[in-house]
Structure formats: C-alpha cells, structure tokens
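Note on naming: letters A, B, ... go to the chains in the order of the sequence lines (proteins, then strands), and numbering restarts at 1 for each one. Heavy-atom basis, side chains included; hydrogens, waters and symmetry copies ignored.
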Amino acid sequence: MKPAPFAYHRAHSVAEAVALLAELGDEAKILAGGLSLVPMMNFRLARPAALVDVTRIEGLSYLRTDPQDGLRIGALTTHRAVETSRDPDVLARFGVLPRSARWIGHYPIRSRGTFGGSIAHADPASEWCLLAMLLDAQVVLTGPQRQRTLRAAEFFEGYYSTAASPDEMITELWFPRPAPRAVLTEFAQRQGDFAVVAAAVCADIEDGICRSARVVLGGVGPLPVEVNAEVLSGQPATSDTWQAMGEHAASQVDPPEDTHGSGEFRRRLTATLVSRALAEASHLPGGTR
Amino acid sequence: MTPQAVPFDGRWVGVPVPRKEDRRLLLGRGRFVADLTRPGLLHAAFVRSPHAHARVGAIDVTAALQAPGVETVLTAATLGDPYLLALLERDEFVPTRMPILAGDTVRFVGEPVAAVIADDAYRAEDATELVEVDWEPRPAVASIEAATAREAPQLHEQARGNCLVDLVMFDDDRLGEIFGTAAVTVSATFRSARVAALPLEGRACLAEWDDRDDQLVVHVSTQVPHQVRSGVAQALGLPERQVRVIAPDVGGGFGLKCVVGREEVAVAAAALRLRRPVRWAEDRQENLTAAFHGHEQRYQVRAAFGQDGRILGLDAAIDCDTGAYSAFPFTCAVEPLMASTELPGVYKVPAYRARGRAITTNKAPAAPYRGVSRPQIVLVMERLMEKAAEALGLDPLDVRRINLISPGEFPYRGVNGITYDEGSYRESLDQAEKRVTEQAWPTERDRLRLAGLRAGIGYACFSERTAYGTPTMSQRRMRMTPGYDTAMVRMDPTGEVIVTTGTCGHGQGHETTFAQIVADRLGVHPDQVRLRQGDTDLASYGWGTWGSRSVVIGGGAAGRAAEIVASQLRKVAASLLEASPADVELAEGMARIRGDARASIPIPEMARLVHFQAHRLEEDLRYGLEARATFDPPGTFSNACHAAMVVIDPGTGAIRLHKYLVVEDCGVVINPMVVDGQVRGGVTQGVAAALLERVCFDPEGQPVSTTLMDYLAPTAAEMCAVDIVHLQTPSQFGETGAKGMGEGGTIGAPAAVLGAINDALSDTGTRFDHIPVLPEHISAALHPSAALDRQDVA
Amino acid sequence: MKDRHAITLRVNGRDHDLVVEARRTLADMLRHDLGYTGTHLGCEHGICGACTVILNDAPVRACLVFGVQADGAEIRTVEGLADGEQLSDLQQSFSDHHALQCGFCTPGFLMLTEAYFADTGTAAMTEARARELVAANLCRCTGYQGIVEAVLATARARANARDDSS
C-alpha cells in the first residue's frame with residue numbers, strides 16, 4: 001500500500017498555490033490535512049501526478065464573526081480549532097459548528113483535518129458539507145485570475161465531486177446567517193466512523209410554535225438532500241411534531257444500499273435522526289436575529 | 001491491580017509480577033520483522049489474482065523485469081511449483097496442495113501468482129502492476145450453499161461437492177426414538193460470520209542465506225517457528241537442519257500466524273535463489289483479503305428436552321466454510337473436528353450425533369482463529385438452553401443448571417469420548433448470577449427499559465479445553481501431530497538461568513510467567529531467569545503458541561527441567577554442607593539445610609564452583625547445571641461463566657455493551673495481571689464477533705471488506721470495563737496446577753452478548769441465531785412492516 | 001524518474017539531513033531512513049493509529065504524511081519519551097496497568113496521549129474522556145481497559161503534581 005510516484009510542490013501563498021495548479025493541470029491535487037486524499041493514494045485509487053502542499057500557507061486558519069457578516073472560516077482551519085472555539089459569538093450564533101465537530105473521527109483526525117479539505121472532498125454524509133447546505137454557506141474559491149463565491153448547493157455536484165476548477169483553491173467558507181437553534185446528529189456503527197445517515201436541522205421556534213425549519217440529510221444519496229419541511233410551519237414544538245416530521249422526511253428519500261445499510265434501514269434512521277435533531281434543537285436557547 | 005515485584009509467601013507463582021517484556025516495547029525498542037534490515041536488502045511484493053476463480057494462462061513479466069530497481073520476478077514455474085500440503089490420515093479427508101505461488105488455477109481474490117523482488121518496497125509494488133497475466137475467469141462460489149449446490153463448479157479435482165472433509169464423528173441409534181417422544185424438540189440453524197484475526201502487525205518475513213552456517217535463516221512473525229521450518233523445508237526441498245526460523249517480537253497472532261503462509265515461503269525461496277536478503281511485510285489490505293480467515297460456520301441442530309428441561313438428545317450437522325485450501329499444518333478439518341467433538345461442552349448430553357464438514361469456497365483459506373470452533377458451539381448450546389427454557393416456561397439459568405456437569409460428577413466422561421477434569425461449571429454460574437444480582441443489573445435493566453430503551457442480560461457457560469497434548473491431538477489424525485513441548489534450563493556460572501521452550505509468545509507474557517515458574521523451582525529471583533523462545537536453532541522441536549497451551553505445556557516442561565536442575569543444586573549443596581539432599585531447601589538465592597540456620601550457601605557460589613572448580617566436586621556433580629524435560633499432558637479444561645448486558649436504542653437499532661462480567665476458573669494462576677489481560681482481550685474479540693466484525697464477499701467471491709473502514713474492529717468506545725472474578729480449581733495434569741485460558745474470553749462472549757440481545761427483544765417474536773447482530777437487523781426486527789411504525793424515542 | 005527533495009528535520013531533539021523521494025511516507029522515512037523503528041505501520045490508511053507521532057506539537061498519523069512535508073519540522077517519536085534509560089511516567093503507568101501485551105500498537109497510544117496532554121492539559125481528565133481518547137487507536141490484544149486506566153492514572157498524577165507544586 002505504497003502510493004504511486006508524484007511530484008511534490010509546496011506553496012507558501014494562495015497565489016503560489018493556484019499558479020502551481022494552473023501550471024500542473026488537472027492531474028494535480030491540493031494536499032491539506034491529507035486524511036481523505038492520502039489513504040486513497042496509498043490504496044492507489046488516486047494517482048495524482050502532482051501534489052501542491054498548502055499546509056504552510058499562513059493566514060488561512062481563522063474563525064471570524066461579525067454582527068453584519070456572519071461567520072467566516074479559513075479553509076485551513078482544523079476541525080479541532082472549530083471544536084475548541086471559545087468565541088462567545090461563535091458559540092451563541094453558530095454553536096452548531098463547534099458542537100458538531102465531535103462527530104468527526106477522533107481527536108488526532110480533528111487535529112489535522114481541515115474545514116476546507118472536508119468541503120473540497122464533498123462526502124455527502126460529512127458534517128461540514130451538511131451544515132454548509134443547511135446554513136446556506138458560501139464557498140470562496142480563489143483562482144489565478146479571480147476569486148468567486150458559490151453557494152454550497154451550487155458547489156456540491158455529486159459523490160466527491162464539486163464545481164471547483166482544477167486551478168482553484170477553496171480559501172474560505174462563509175456562513176452569512178446565524179442559526180442559533182441548529183443541530184446535527186448522525187448514526188454510525190462505531191464512534192467516529194463515517195455517518196451512515198446524518199441529519200442537520202435548524203428551527204425557528206417562538207412561543208412554543210415552530211415557525212419554520214429546515215432539514216438536510218446526508219447518507220441518503222450522492223448529495224446532501226434538503227427535504228421539504230413546510231409541514232412544520234405553525235406546528236406546536238412537541239415530540240409528536242418532531243416524530244411526524246421524521247417520518248415525513250423519511251418518506252421523501254430513496255437511499256442507496258451498501259454494506260453499511262440497506263435503503264430501508266437508512267429510511268428508518270432518517271425518521272429517528274430527524275426527530276431527535278429537532279427535539280434537541282427545540283431545547284437550545286433561541287438567540288436573536 | 002498493582003503489579004508486585006515481591007514474592008508472596010516465598011513464591012512467585014500467583015504474584016502479579018510486572019512484565020519483563022514491557023520495557024523494550026515501551027521504549028520503542030521492540031524488534032519486529034519489518035524493523036530488521038540488512039545491507040543490500042531486497043523487498044518482495046506480490047501480484048495477486050483479481051478473480052475469485054480463474055485459470056491462469058501466460059504470465060508476462062518482461063515489463064516488470066525492466067522496471068527500475070527490480071531484481072527478478074518469480075512465478076510457480078520459475079520456482080519449480082513448490083507447495084505446502086497439510087495432511088490428515090483419514091479417508092474422509094481430501095488433501096489440497098496450497099501452491100506457494102499459484103500455478104494453473106487461482107481460487108480466491110488475492111491469491112498470489114508472482115513475486116516481484118526489488119530494491120525498494122515502493123518500486124516492488126510499482127512493478128507488480130506491470131506483470132501481465134492471462135486470466136480466464138471461471139464461475140465462483142462464495143458460500144456454503146453455493147458451493148454445495150448441485151451445479152456448483154468444482155474447485156478441487158478430488159473434492160466432489162466441494163467437500164474437503166465429511167465426518168460423522170458420533171452417532172446414536174436411539175436418537176430417532178428420543179426425538180419422537182421428547183416433551184420438546186428444538187430445531188434451529190445457527191450461523192456465524194467469517195472473521196479476520198486482525199493482529200496489529202500483519203504477517204512479515206525476512207529471509208537470508210547464511211553462508212557460514214550453510215542455512216536459510218527465516219525471520220518471521222509467527223506463532224509456530226518449528227512448523228514454519230518444517231513447511232519451508234518441505235516446500236523448498238531442504239533438510240530441516242538447513243533452515244533456521246527466528247521469531248523476533250511478534251505483534252499479535254490470534255491463530256492467523258499459527259499456520260504457515262505461502263508468502264513467507266515465497267520470500268524464503270527468493271532469498272535462497274538470489275542468495276540475498278529479502279523482506280516482505282503484509283499490508284492491511286492483503287491481510288484483510290488474502291491472509292487467513294476463520295469461524296464461518298453453519299449449524300443445523302435438533303435437540304430433544306424433557307419436561308424438566310433436561311437435554312435428552314442432540315443432533316448436529318456442522319458445516320465450516322474453509323475457503324480455497326487446507327492450511328498447513330492443521331488442515332481444514334480443524335474447525336469441523338473441534339466443533340463435532342466438543343459441542344456438548346459443559347452439558348451432559350446422553351445421546352449425540354454430529355456430522356462435520358469442511359466446504360471449500362473461492363475465498364481465502366481458514367486458519368484456527370482464537371477459540372477455533374468453540375465460540376460457535378457455545379453459542380449453539382447456550383441458545384438451545386434458552387430456547388428450551390422458553391418452550392417449557394422455565395428459567396434459562398435453571399435449565400442450564402439441570403444439564404451442567406455438576407460437582408461430584410468429575411471426572412466426567414462425555415458421550416463425545418472426552419473426559420472432563422474437575423471444573424467449577426456450576427459454581428461459576430452461581431457466582432455469576434449472584435454478582436449480577438449484587439451489582440443490581442436487573443434493576444439497571446428495568447430502569448433503562450423505563451427510559452424507553454431496550455436492555456437485556458445474557459449468560460454463557462462454557463469450558464475451554466486447553467493444553468492438548470499429543471495423545472489428545474492424535475485423535476484428529478493429523479500427519480503432523482502436535483502436543484508435547486520440551487524445555488531446556490541451564491544455569492550459568494553466576495547463577496543466572498536461561499530457559500528455552502518450543503512455545504512462541506506474542507503478547508502473553510511468557511518471559512515473565514515462565515520465569516516465575518522456574519524461579520520458584522530454583523529458589524532464584526525471576527529477574528535472573530531469561531526465556532529464549534522462537535529460535536529453532538536454540539529450542540528443541542516444539543509446537544509454538546496457540547490453543548491455550550503455552551503456560552501449561554511450555555511452562556510445565558520448563559518447570560520439570562528446572563526441577564531437575566534444582567535436584568542437581570540440592571546434591572551440590574548437600575555435598576558441600578554435609579547433609580542429605582532431601583534436607584536442602586532452595587529459596588531467595590540460597591541453599592539452606594532445613595532445621596540448621598547456619599548451614600547455607602548462595603546459589604551463585606554453587607554455580608561458580610560447578611563451572612570453575614569442577615575438580616573440587618565429586619564426579620557426578622561436575623560440569624554444569626542444566627537439564628532438558630518434555631511435558632505432554634492429556635489436556636485440561638478451564639471454565640467460565642460470562643454475563644453481558646446490552647442496551648439497544650430502538651430508534652436506530654444501535655446496540656451498546658453496557659456491562660460485562662467474567663467468572664473464570666483457570667486453575668492455579670501464574671500471574672493474575674496477565675490472566676486478566678488475556679480475558680479482557682479475548683472478551684473484546686468475542687464481543688466484536690457478536691456486534692461488529694464480518695468479512696463480506698459478493699456472490700462472485702469479490703471481497704467487500706477490504707479496509708478497516710469496512711471491517712469494523714472494536715475501539716475502546718465499543719467496550720465497557722470487564723469485571724473479573726476468579727475461581728481456582730487446580731489442574732491435576734499440570735506441573736503447576738495451571739490450566740490454559742487464552743481463548744476463553746473469545747469463546748464465551750458471543751453467546752453472552754447474543755443472549756443479552758435476545759433478552760432485550762424478549763417481548764417481540766424475534767430471536768437471533770446468528771452473529772453478528774447489527775443495528776440494521778434490530779431495526780428490521782422492530783419495524784417488521786414496510787410502513788414506519790411510531791416508536792417512543794428517548 | 002523520482003521526485004527527490006533535500007530536507008532537514010529534528011527528531012527527538014536531534015537534527016537530520018537527508019534526501020527523500022516525494023512519495024516516501026513520514027513513517028517509512030522515520031523507520032527505514034532514520035532508524036526510528038519504534039513507530040509501527042498497522043494499516044497505512046489512517047485508521048489504526050499505530051504510526052502516531054508528534055509533528056510540531058500535533059499528533060499525526062505518519063502513514064498519511066509524506067516525509068518531505070516534515071522539512072523544517074520538529075518530530076517526537078516514542079524513542080524520545082524516556083529520559084535516557086528511565087521510563088517516563090506515562091510509560092511506567094502503561095506497564096503498571098498492563099496496558100500492553102504484544103506492544104505493537106503501544107508507541108502510537110503513547111504519542112497520542114502525550115499530544116493530547118500537551119494540547120488540553122490533564123486536570124479535566126475523566127474515565128469517559130480517557131476512553132474517548134483511547135478510542136482513536138486500535139489495539140487487538142488488551143481490550144483497552146489497561147490503556148484507559150494508564151491514561152487516567154497518569155493524567156491524575158500529573159494534575160496532582162502540578163497542584164502540589166503550585
């Protein structure tokens with residue numbers, strides 16, 4: 001399980017990284033944490049002709065909030081940095097992110113893996129991809145000539161496949177709108193495993209009534225799936241409501257089958273996880289707009 | 001438990017002495033095969049079949065030979081078609097040659113067909129991609145059902161119906177009538193999935209030709225150095241004296257390494273041919289797909305019970321999926337023979353029929369993974385007891401009690417021809433039930449149920465046959481019959497001791513436990529006793545470490561040899577102190593005369609005299625303090641009762657192990673810390689077999705669980721603390737009163753966990769008779785219709 | 001055609017200069033080019049953690065890092081834990097709690113734990129947190145209980161020592 005040969009390049013700035021990508025063409029890949037890419041290379045399932053190591057680029061590891069601007073996360077911010085953030089504003093308005101980081105692998109994985117790396121990898125069951133969809137995050141892509149911003153829904157195109165061009169690098173993830181009552185929950189057979197099904201929800205609840213909610217599911221198809229949650233509008237914030245929504249969500253998905261579970265099992269998981277995520281969200285403090 | 005470096009009451013046996021092995025391993029100074037290097041070292045990489053079944057046409061190595069760094073590429077043809085052949089002397093057994101490199105047919109995905117030898121492991125792997133093989137795929141069979149179906153392709157010429165062994169070991173004409181008149185007959189099919197031993201260190205081998213000693217030296221990660229020597233010698237046509245096998249530190253084995261692997265022999269062949277050192281370290285993907293697997297078994301069982309719960313008759317058809325070949329030296333018969341012979345276990349079964357078969361399929365071959373067939377037979381018997389209890393409206397523990405071989409009935413000769421030596425089957429069950437009650441498990445279970453979860457408690461009673469000596473092993477009729485082991489004990493001029501045995505530890509702490517045994521015999525400190533294992537040039541022919549044999553047989557032989565050296569020391573002391581040898585006591589580094597406080601001599605002083613002042617001693621006391629002794633016991637049964645509590649989340653089907661108790665009896669305990677470690681490690685593997693692990697193939701024989709993301713090994717998060725209670729029924733057959741116990745944890749845990757799961761579902765119609773039970777199974781059982789039912793969620 | 005790079009790194013306080021092929025993993029470079037064979041390979045896909053070393057204060061799976069990436073870095077491996085021949089408190093605790101049997105996974109657990117202690121401190125360690133930490137790596141021999149106990153005991157001892165000395 002040794003990787004095939006490749007040429008190694010180290011970038012010290014974003015400009016250098018994207019210039020290298022442009023020069024090397026689509027056989028080159030970005031090396032950040034390496035936790036998704038390098039195993040594939042060791043299995044020889046991925047054989048990039050070149051790697052551009054971006055881990056030494058300064059200034060891409062940050063969590064910045066702004067009352068008007070939401071939360072911006074540098075692409076090289078580790079999962080661990082998100083997990084351990086003590087910024088009161090992050091915790092109050094975007095607390096779902098630090099709270100969800102614990103689902104990602106184990107401590108050493110979180111110490112090395114990066115937020116941008118997860119988004120670039122585009123595993124439809126992964127935590128940051130789901131939350132990016134749920135919270136309408138925007139992906140900032142920097143290329144040699146330009147910078148552009150894509151909505152998460154436009155960015156993810158399928159299993160491990162995104163709209164990024166070969167000469168672009170994710171430099172930032174922008175979460176423009178806070179979501180104080182958001183929860184991500186998932187099911188995996190062992191702690192730290194990839195989710196079989198994951199559910200990310202956010203709910204707007206006032207005076208015991210659910211005014212609106214959004215539900216995004218992972219592990220039920222090649223992309224995170226947002227199910228129709230309109231039925232929740234105006235419903236009382238009770239466990240019966242959450243359970244009904246769970247079943248309603250399950251009825252909207254047609255999940256695939258693999259060694260980790262059949263379609264039917266995934267549907268049942270959907271019902272349970274959506275219901276539980278909504279219940280958990282309803283117990284969080286509401287926060288202000 | 002805090003380790004202690006002081007004897008208790010003058011004795012080291014029974015003390016949790018800190019392990020001698022720890023220091024070098026903690027410092028990162030362990031020496032595993034892949035750590036070894038040599039000038040000019042070459043690396044091997046294997047070209048492996050992508051097909052589960054195929055004819056092999058031409059193998060074109062031209063491009064590979066030209067690749068950078070490549071020294072040569074070996075095939076079966078270039079090596080002269082060497083093979084390993086494991087034999088059983090029974091008509092019902094069909095032998096299968098396991099070619100070192102496949103010849104004209106490959107029979108499982110991953111089977112090696114060529115070996116690339118290059119100057120660097122990366123380049124060796126690169127070159128494997130350049131070898132072109134003309135494959136002619138054939139239909140494959142990947143299950144017992146598919147292999148035994150009428151139109152199934154035949155995998156081996158002599159094996160009709162793909163059956164490699166078919167033995168009716170036991171039969172009884174009365175069974176027809178017994179089943180006809182029984183109060184209750186339980187019929188069921190039980191299955192356990194194929195699992196992988198998964199030692200953290202994969203297989204590995206470094207072979208080199210030694211010109212000075214005129215021998216091939218094979219450093220190998222193995223449990224059986226002498227059998228590797230025999231296998232290499234046989235396969236390569238060398239006399240055994242020209243092969244030396246050395247096992248350095250071995251990173252776990254669990255049975256994977258108690259058979260001889262073909263890759264290791266290929267590496268040896270390469271070194272022999274090239275006269276250069278060659279090294280290979282298996283990677284995890286190879287280990288999961290192309291190494292040996294185990295425990296894939298199906299039991300079709302009928303059991304007759306009386307109204308009082310007593311078992312009256314048992315009829316079992318046992319099929320073991322043995323993969324593509326018989327492993328050397330045990331043969332594919334090991335699983336079906338063990339299963340057929342030992343199925344009744346701790347219970348008194350008056351009438352018994354058992355048919356055991358090994359079925360060949362297009363999957364990697366089976367080797368004796370920890371427990372061998374006993375996790376499966378215990379699962380079967382415990383489920384039978386539970387089913388009978390349910391049918392009769394009795395308490396399942398009472399049904400067990402009425403059938404257990406009880407105090408006063410030992411030695412018990414079973415219907416299977418086995419004599420069970422004294423054990424605490426009944427006491428361990430009673431103790432387990434008592435502790436479960438004292439620890440308020442049922443209250444906890446009720447509390448969890450009230451909280452909306454499902455919870456259950458399960459038990460498993462079993463015995464573990466250990467330290468099988470040659471007479472017992474001979475009943476299998478293996479051409480190479482294991483059993484005995486021979487130790488050498490030698491004291492040097494400073495009074496320190498070297499011990500050699502034919503066992504081969506790989507984590508069991510032999511360097512410590514054998515030292516404890518020998519120290520007690522000789523009156524020295526365990527720090528002064530050094531065990532050398534794993535080198536076939538040092539140790540007399542022995543059988544390695546597996547089957548829970550080492551402390552009893554290896555330690556027993558060492559004890560015997562030490563006793564002889566002790567008697568030599570006593571004679572020297574008696575001569576020097578003018579007393580009778582019978583009055584000499586050896587303790588704390590001194591020889592003392594009983595009853596005379598002033599008469600003593602330090603043992604090192606005696607050692608010095610014997611070696612350097614031989615002329616001052618009588619002739620029969622001169623020239624060294626050493627002895628050799630063999631131990632070959634009939635086998636002795638340890639036993640245990642396990643109890644497990646699981647918690648099930650009905651919303652997801654997730655099953656979590658909540659509590660675990662082991663009440664075990666392995667006779668005299670040499671080192672309690674080591675024993676507890678074996679129990680906990682074994683339980684973890686058994687729990688994983690019940691909840692997580694399975695090697696999956698698609699119907700065409702393509703492996704699906706090829707990475708550790710698919711094959712789910714347990715982490716600390718899947719385990720809870722394991723509470724252990726020790727009983728002690730000394731073995732009459734051991735030198736020390738110890739019984740083996742290394743596999744017990746793995747043997748009992750699947751049944752206990754399965755019982756707990758079934759208890760958690762006791763209010764439903766579902767009972768599971770297979771392992772693993774996965775969340776998906778639970779979820780389907782709790783939601784039998786396609787429409788989603790409302791479930792109360794926590 | 002190999003892509004080769006000259007690098008400098010410090011391992012356990014000792015400087016090394018060498019030339020490595022780009023694809024050579026940090027694990028193989030440490031083991032075979034620099035002789036630090038205490039770090040072991042158990043899976044080469046980042047699951048088992050046997051290859052864990054500390055790179056610039058962070059725990060990494062050396063099978064997923066290329067040696068060239070360690071240019072200019074400070075690496076700590078298991079060989080750097082002891083004080084000469086004196087086992088560290090964590091190493092001694094592993095022995096005291098029977099946290100190793102075959103020893104193959106042990107260096108990975110030791111480095112994982114040291115990295116974690118340096119990162120988060122030891123005062124807040126509990127059995128549950130220790131078990132969660134230990135779940136990051138695989139062991140096949142011990143069933144984990146000894147490892148969890150060793151980690152917990154060491155954390156407590158270090159926290160107490162700090163309290164005593166403050």
Pick one of side chain, backbone, both or neither for [X], based on which atoms fall under 4.5 Å of a heavy atom in chain C.
| X | result |
| --- | --- |
| B:Y122 | both |
| B:T684 | side chain |
| B:V683 | neither |
| B:T37 | neither |
| B:P16 | neither |

I'd like to know if the side chain of C:Q91 reaches the main chain of B:L26, judged simply by a donor and an acceptor atom lying under 3.5 Å from each other, with no hydrogens or angles considered. yes
Could you check whether any side-chain N or O of B:R19 sits under 3.5 Å from a backbone N or O of C:D96, counting only pairs where one atom can act as donor and the other as acceptor?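 Side chain of B:R19 to backbone of C:D96, a donor-acceptor pair under 3.5 Å: no, none is there.
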With side chain to side chain contact (heavy atoms under 4.5 Å, CB included) as the test, would you mind laying out the steps for B:L200 and C:H40 before giving the verdict? CA-CA 9 Å; B:L200 255 292; C:H40 301 140; over 6 Å; no
So which part of C:L81 gets closer than 4.5 Å to some heavy atom of chain B, the side chain, the backbone, both or neither?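 Neither part.
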Report the C-alpha distance between C:E44 and B:R284 in whole Å, list the side-chain angles of each, state the deciding distance to 0.1 Å, and finish with yes or no for side chain to side chain contact (heavy atoms under 4.5 Å, CB included). CA-CA 7 Å; C:E44 292 183 290; B:R284 189 55 62 186; over 6 Å; no
Do the charged groups of C:E85 and B:R23 touch, with an N to O distance under 4.0 Å? yes
Taking NZ, NE, NH1 and NH2 as the nitrogens, is one of them in B:E125 or C:R23 under 4.0 Å from a carboxylate oxygen of the other? no
Nearest heavy-atom pair of C:R24 and B:D120: which atoms, and what distance? NH1-OD2, 4.1 Å
Taking all non-hydrogen atoms of both residues into account, name the closest pair between B:L25 and C:G103 and its distance.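 That would be CD1-CA, 4.0 Å.
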For B:D249, salt bridge (charged side-chain N to carboxylate O under 4.0 Å, His left out) partners two or more places apart: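 By the salt bridge (charged side-chain N to carboxylate O under 4.0 Å, His left out) rule, B:D249 matches B:R24.
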Would you say B:Q678 and C:Q101 are linked by a side-chain donor-acceptor pair, where the criterion is simply a distance under 3.5 Å? yes
